[in-house]
Novice: 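Handing you this structure, nothing more for now.
Excluded from the calculations below are hydrogen atoms, water molecules and symmetry mates; all remaining heavy atoms, backbone and side chain alike, are included. Because the structure is a prediction, the values reported are computed rather than measured. Both counts, for ligands and for their atoms, begin at 1 and track the order of listing.
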Amino acid sequence: MEKEVKRMPEKGIAKEEVLSRLQSMKKDDANYRDARMFGLIYNAGEDVEEMAREAYAAYMFENALSPFAFPSLLKMETEFISMVSGLFGGDAETVGSMTSGGTESILMAVKSAREWAKANKPEVKNPEMITPVTAHPAWNKAADYLGLKMVMTPVGEDYRADVRAMKEAITPNTIILGGTAVTYPHGIIDPLGAIGSLALKNNLWFHVDGCLGGYVLPFLEKLGYPIPPYDFRIPGVKSLSVDIHKYGYISKGVSTVLYRNKDLRQYQFYVYSDWPGGVYATPALSGARPGGAIASAWAIVHYLGEEGFLSLCQIARETTLRLIEGIRGIPGLFVLGDPPATVLAFGAQDLNIYRIGAKMKERNWHMDAQHLPASLHMTVSPAHEKIVAPFLGDLKHVTEEVSRTKEEPATGEAALYGMMGTLPDRKMAKNLALQYLNDLYRLKE
Ligand SMILES: *Cc1c(COP(=O)(O)O)cnc(C)c1O
């Protein structure tokens, strides 16, 4: 039988009709505006959303590939990088690039480190990189793409990197140490000062992944919350990544990678000078780059200003504290570690946390399931301020219900995660995930 394919319509469809079809296709999508989702979208309310949308639209078609054609984008990018550097203990020497997201920022830092090692540690033929297991998979992806060996070390009971384990993992081939502020799974800050010293002592590149915590930590610190060091003030840090499409509240497609100085950033650049199309030189991975992304990042920092960020961060942190306290007060539940910012995970002592997650989903609360160890994940946005009481009420109710009722066979995501976390053979877990992806990204109906 011939395989069904979708064809584009022979004749164009009127704009209103296309737009109305787009709207109706959204009907099964997650609704983030009611603040019942705790991931994927970072929501600071409608006025911030409007600002980002209008700035993006104003530069929708401009292409940052050519700073000569669009000098305004070059100006915005360099101003933005300079402002962000100031937030992270940088100075006039600090430089960086805007990228498409945290993954590209980390990929670029690892690429720069690899090239730096070629120049400064020529004896290393098979470079290795060490990160704690809680580091974002973007690191694993970078190692995979760039041909580095990935060495992952355990975390302590507080879910922070075990620095002694990192030290013991160093071999003559090690070129990079990685640490995170804050970690995606548990919202924890690694002992970055100690990792920095280790890097300096062994002449290693040290990258701090501030993708998630980036636009929260500097403001929490200014507000007087206890925040351990996380930026260029740590002498060993050579590069740092920060996503403004997370706690900068703008649409996806914008992140920043910073370097202590331009000599380090130079390893990131790519130049091909023999192309018939001209000398091709780009700072980071992307060729064509969306002007809208740069304009909306520039717009949001000007719209909010430091005052706006301080106020939003305070709301998000106070909301997180109320959630942590509430979760700790529910018998059977516990928060993993002691998260200092706005991201947390919680688990259950003798109950199946995935059943709790599934029952919360029935009540229209959306949290991602995690494993190793089993937990539910929450990234808290300012917009969550208004849902703390109803959320905790439902969570208490659902937890009691799960502890009263017998275990039913898990279904859906709960089943998938329950199984993935307990599979002894990690290769099998990987193959299952690959099959799943293949099946997911195909035409249906
Ligand atoms: C989100 C995230 C990344 C990856 O960023 P993308 O924008 O999804 O590519 C990297 N590190 C941490 C800690 C993150 O939370």
Novice: More than 12 heavy atoms of other residues, nucleotides or ligands under 6.0 Å from NZ of Lys252: yes or no?
Specialist: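 Buried by this count: over 12 neighbours within 6.0 Å.
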Novice: Taking only heavy atoms of Gly102 into account, list the atoms of ligand 1 that are under 4.0 Å away from them.
Specialist: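 The list of qualifying atoms is 4 (C), 5 (O), 6 (P), 7 (O), 9 (O).
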Novice: Are the ring centres of Phe391 and His384 closer than 6.0 Å?
Specialist: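 They do not qualify: ring centres at least 6.0 Å apart.
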Novice: More than 12 foreign heavy atoms under 6.0 Å from CD of Glu157: is that the case here?
Specialist: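 Not buried by this count: 12 neighbours or fewer within 6.0 Å.
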Novice: For atom 7 (O) of ligand 1, which candidate among His245, Lys246, Lys252 provides the closest heavy atom?
Specialist: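 When every heavy atom of His245, Lys246, Lys252 is considered, His245 comes closest to atom 7 (O) of ligand 1.
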Novice: For ligand 1, which atoms sit closer than 4.0 Å to a heavy atom of Asp243?
Specialist: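 Once the distances to Asp243 are compared, the set is 5 (O), 7 (O).
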Novice: Thinking salt bridges, do Arg289 and Glu77 make one under a 4.0 Å N-O criterion?
Specialist: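 Looking at Glu77 together with Arg289, the answer is yes, because their closest N to O distance falls below 4.0 Å.
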Novice: Of the protein's non-hydrogen atoms, which lies at the shortest distance from atom 11 (N) of ligand 1, and what is that distance?
Specialist: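 Closest protein heavy atom to atom 11 (N) of ligand 1: Asp209 OD2, 2.6 Å.
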Novice: Could you list which atoms of ligand 1 come closer than 4.0 Å to a heavy atom of Thr103?
Specialist: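 The list of qualifying atoms is 4 (C), 5 (O), 6 (P), 9 (O).
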Novice: Using a 4.0 Å cutoff against the non-hydrogen atoms of Ile106, which atoms of ligand 1 qualify?
Specialist: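 Answer, ordered by atom number: 10 (C).
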Novice: In plain terms, say whether Arg363 and Asp394 are close enough for a salt bridge, that is, a side-chain N and a carboxylate O under 4.0 Å apart.
Specialist: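 Between Asp394 and Arg363 there is a salt bridge, with a charged N closer than 4.0 Å to a carboxylate O.
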Novice: Identify whether the distance between the nearest side-chain nitrogen and carboxylate oxygen of Arg322 and Glu385 falls below 4.0 Å.
Specialist: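 Salt bridge between Arg322 and Glu385, a charged N being under 4.0 Å from a carboxylate O: no.
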Novice: Looking only at protein heavy atoms, identify the closest one to atom 10 (C) of ligand 1 and say how far it is in Å.
Specialist: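 Ranked first by proximity to atom 10 (C) of ligand 1 is His136 CG, 3.3 Å.
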Novice: Within ligand 1, which atoms have a heavy atom of Tyr184 less than 4.0 Å away?
Specialist: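 By the 4.0 Å cutoff, the relevant atoms are 15 (O).
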